[in-house]
Amino acid sequence: MLVGLAAAVIPLAIHLLHRGNTRPLPFSNLEFLRRLHHSRMRRVQLRQWLVLLLRTLIILLIATAFARPAFQDDASGWGGSSVPAAAAFLFDRSYSTTYHLPAGRLFEQLQTQVLATLELFENRDEVLLIPFASSPTPLENTVGDKISLQEQVRELLPTEESTDLGKALQNAARYLEEKQQSNREIFLFTDLAQHNWSEVVNLRDWLPNTTLYIATPEITERANIHIDDVRIASWMPATGNKLTVRVDLTNSSAQSAKGIFLDLYIDDERVSRQEVNPGPGEQVQVELKATPRRAGHLSGYVEIDDDDLPLDNRRYFAFYIPEAINLLILGNKPSDIYFPRRALTTAALSDPTLNVRSGFLDDLDADALRGVHVLLLCNLQRLNAAKTALLHEFVAAGGGLIVFPSPQSELNYYNRNLLPGLAPVLFKEVLGNPADKTAFQLLDPDRPHHPLLQGLLRQKPEDQPHFYASFELRPKNNLQPLVYFADGHPALAQAWKERGRTVLFATPLSPHWNDLPIKGLFVPLLHRLTRHLSLPPDHRASYQVGQAVHRYLDDIPIESTIKAESPGGNRLLISPELVEDRYFWKIPQVDESGLWRLLKDGTVVDTFPVNLDTRESVMTAVDRDHLQQIFGAERTHFIQPGDNLRAEILGRRYGREFWRECLVLALILLVLELWVAHRPHGRLEQSAARAAA
C-alpha cells in the first residue's frame, strides 16, 4: 500500500510543480503581480504539503523496513508467520565425517554449517542439538542462549562409531511432537555416506507440518580403500608353525588402486608385507604368512598406507597359542577309543602343543585328571556317583569335556545325575533305526553352525557322514547348538558350567549308528573341538566401536580389582556381571578402536581387539532423489556451503521479506523530497518580477 501511494505521489508532485509555467498571462502588470503573488503563495503551500507528505512516507517506509514485512504464498499472506521456531539439529559425528576433502575434513565443514545456521535463530526460538553416531547424545535444550549452544558445537569432535540415523530421527521426533504451536524444523548435518540409509523407512507422513533441511557437504568423488576383516585361518596356531592371516580389503573407488602395500604386525613387529592392486569397486582377499615366536596371548594388526580416511586403514586382531594341550581319551573297551585315539594322534603330528593319552573309564580318578585340559569320554553308558561328581568338579574348575553317549546309555542316569548342573539338556528317545541303512540324517550346512565347523560341512551328500540313528537332544536354557541335523535337531551342543565347558554328541561312536569315524571331517572336527575347549573362551572374539564388552577371565576371583585400558591409555575401573550363570567383566561401551587391555594390579590379564564398523567406510553419497522419496519432496530442502541461509530458511519460515525494497524506495523519496524542498523558482516568475520593477 505504501509503495503504491509513493508511486502515485512522485508524478503528481512533478506535475503540480510545473503547472502554470507555460500558460499565457493576459493581464496588466499590476494585476499580474497580484495574481502572481497569490499563485506563488499557493505553490509554496502546495510545496510544503508535498514535502510533508514525502517526509511522512519516508518515515513510514523506514519503520516498515525495520518491521521486516514478508509475504507467504500460503494462507498467511502479507506479514508472513509470526510463530517462533522449534528446531532439532542432528549433527553427524560418525567416523566417516573425518574424510579429508581438498578444503579440509568433512566434520569441520558440517560444523561450520551448524554454526552458520544457528545464527538465524532468535531468543524466542527453541533449539535442541542432537549429536549422533551409533547412538544419539542430545545436548541441553537451549532457549534463547545461542552463544552457549555455539560453544558446545565448537567443542564437539568426531567419534569412531558408525551411523544410526533411525535413533537420531526418533530423538528429534520426541522433541518436536511437543512443539505443535511452533514452526517445526529438522536440520540434518551429515556426510550422506550410504551406510544406514537403506534401513530408514518411508517417512513422508512422519511429523506432518515439519520442514526438513539436509546439509549437503562438498560432493566430490570420495574414493576410499579400507580393510573389512582380518582373521586367523588356522585352528591350531603353534610356536614355530606357519600361521596364515586372511585379510579382506575393499576399493570403493571408481578407479583402480595401484601399489597398495599391506603390512602385517604381530607384537608391534612387522612380519609380512604384500602389494595389492584392487580394481574399481573390487574386494580382494589377501593371505599373509607369519611364524609366531612365542606362546601365550599375542596381538597385532594389518595396515595399508594412509588415504583420505585414515581410520579404516588398520584392523586389529588377537589370538592365543597354548604351550601345551593335554588330552585324555577314556572308554569302556579298546574299540570305543580306537577311532578317536587314531584321529587325535594323527593330528598331534602337525600340532606340537597336543599331547594325547588314552585309558579306560574304570581308571577315572583325580590322579588321572591331574594336568588334563580336555577329557574325551567315548560311548559313555553310566558312571558311579563318585566318578560323576569328579566330572562336575573337573568342568567347574575350567576343564573341557567331550561326551559320546553309548548305544546302551541309561537315559535316567544322563537326565538325573550327569547332565543336571553340567548341561541344560535332556536325552530323549532314539530317532531313526540303527538297522536301517537306507534312511539317514545329514548335518545341515544351511542352518547356523559354530565357526569351528567352517569348511567341514561339504555340500555333497557322499562326503557327509550318514547318521542312521541318534538320541534326541531336547535343550533347555543356555544350551548352544554347534551344528544341526537336517531335521532341525541338534547334532552337537555346548554348555557352560562355571569356568569349564561340555560338548555333547547326539550319537555314539558306533558303525551301526553312523559312519562318522570314517569320514574326512572326523579328524579335524575332534582336533578343533580339543583346541576349542582348551583355549580361552573369548580368544576369537572381536568387538566394534560403540558396543558393550563382556570378557571372561579364567582364574581371576570376582573380588579382584580390574581396570580396562583403552588404546589411548585411558583407564576405567570395571565390575563383574553375571551372564548366563557365568561372571564376566563388563565394559559398558568401547569408544576407541585398537587393542584394549584388562589389568589386575598393573599386570595385563587379557587383550582383545576393537575395530570399526567398515560399512561406514563406503563414502559414496546418497542420491538426492532417494532422500526426497524417504522424507517427501515437498518438505525436503537442501543447503550447501556458501548458500544464503537467511533467504533459504527464513524465507520459507516467515515468507519473502520486503525490507530491502522499502529502504530503497525511502531513499528515492528522500532524494525527491530534497529536490522538491530546494527547487528554484520558475523562469517565468523571474522575468515578470524584472518587468514590474
Side-chain angles (χ1 to χ4, degrees), residues 295 320 322-345 347-348 351 353-406 408-425 427 493-505 508-509 526-527 529-537 552-560 581-583:
Y320 178 75
E323 293 184 0
I325 301 174
N326 298 323
L327 170 68
L328 177 60
I329 306 173
L330 299 179
N332 289 307
K333 53 185 183 296
S335 60
D336 291 335
I337 64 175
Y338 174 78
F339 287 110
R341 182 172 55 82
R342 289 287 301 270
L344 291 167
T345 301
D351 187 354
T353 64
L354 185 59
N355 301 315
V356 181
R357 291 192 296 120
S358 61
F360 299 106
L361 286 170
D362 291 340
D363 301 327
L364 179 61
D365 56 22
D367 290 336
L369 293 179
R370 188 170 291 112
V372 172
H373 299 109
V374 180
L375 175 62
L376 173 56
L377 302 182
C378 302
N379 293 345
L380 174 64
Q381 184 173 353
R382 67 166 294 138
L383 294 173
N384 60 36
K387 293 182 186 298
T388 301
L390 188 62
L391 289 182
H392 281 246
E393 293 171 4
F394 171 74
V395 175
L401 175 64
I402 303 174
V403 177
F404 282 95
S406 168
Q408 294 81 32
S409 292
E410 296 185 16
L411 299 187
N412 284 338
Y413 164 74
Y414 271 81
N415 295 329
R416 293 182 181 181
N417 303 104
L418 178 65
L419 297 179
L422 196 64
V425 65
F427 268 71
Q494 172 182 259
W496 278 91
K497 176 180 174 62
E498 298 183 20
R499 293 164 51 194
R501 286 167 288 179
T502 300
V503 171
L504 297 171
F505 278 86
L509 283 173
L526 285 189
H527 190 192
L529 278 174
T530 303
R531 277 278 191 163
H532 173 66
L533 293 177
S534 68
L535 296 175
Y552 178 77
L553 299 181
D554 197 10
D555 296 327
I556 301 295
I558 62 173
E559 299 83 9
S560 303
D581 301 325
R582 288 190 296 156
Y583 279 98

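Listed by first and then second residue, the side chain to side chain donor-acceptor pair (under 3.5 Å) pairs involving residues 360-374 are D367-R370 (not counting sequence neighbours). Counting only residues at least two apart or in different chains, side chain to side chain donor-acceptor pair (under 3.5 Å) contacts with residues 327-336 comprise K333-D336, D336-N379. Listed by first and then second residue, the side chain to side chain donor-acceptor pair (under 3.5 Å) pairs involving residues 387-404 are T388-Y413 (not counting sequence neighbours).
Considering CG of L391 and CG of N417, their distance stands at 11.5 Å, rounded to 0.5 Å. Rounding to the nearest 0.5 angstrom, the gap separating the CG atom in L330 from the CZ atom in R341 is 12.5 Å. The structure places CD1 of I329 at 8.0 Å from CG of L526, a figure rounded to the nearest 0.5 Å.
Applying the side chain to side chain contact (heavy atoms under 4.5 Å, CB included) test to R357 and every residue at least two apart in sequence or in another chain returns L328, V372. Taking P334 as the reference, F360 meet the side chain to side chain contact (heavy atoms under 4.5 Å, CB included) condition, with sequence neighbours excluded. E559 meets the side-chain hydrogen bond (donor to acceptor under 3.5 Å, both in side chains) test with no other residue; sequence neighbours excluded. Legend: residues meeting side chain to side chain contact (heavy atoms under 4.5 Å, CB included) with A389, ordered by chain and number and at least two apart, are absent. With sequence neighbours excluded, the residues satisfying side chain to side chain contact (heavy atoms under 4.5 Å, CB included) with N415 are L411, L419, L426, F427. Contacts of F505 classified as ring pair (Phe, Tyr, Trp, His ring centres under 6.0 Å), with partners at least two apart in sequence or in another chain: F404. For Q381, the side-chain hydrogen bond (donor to acceptor under 3.5 Å, both in side chains) test picks out no residue, with sequence neighbours left out. Take R501 and apply the salt bridge (charged side-chain N to carboxylate O under 4.0 Å, His left out) test, not counting sequence neighbours, and it matches no residue. With sequence neighbours excluded, the residues satisfying side-chain hydrogen bond (donor to acceptor under 3.5 Å, both in side chains) with T353 are D351, R531.
The side-chain contact (heavy atoms from CB on, under 4.5 Å) test with L344 singles out one residue from L529, I337, L376, V374, and that residue is L376.
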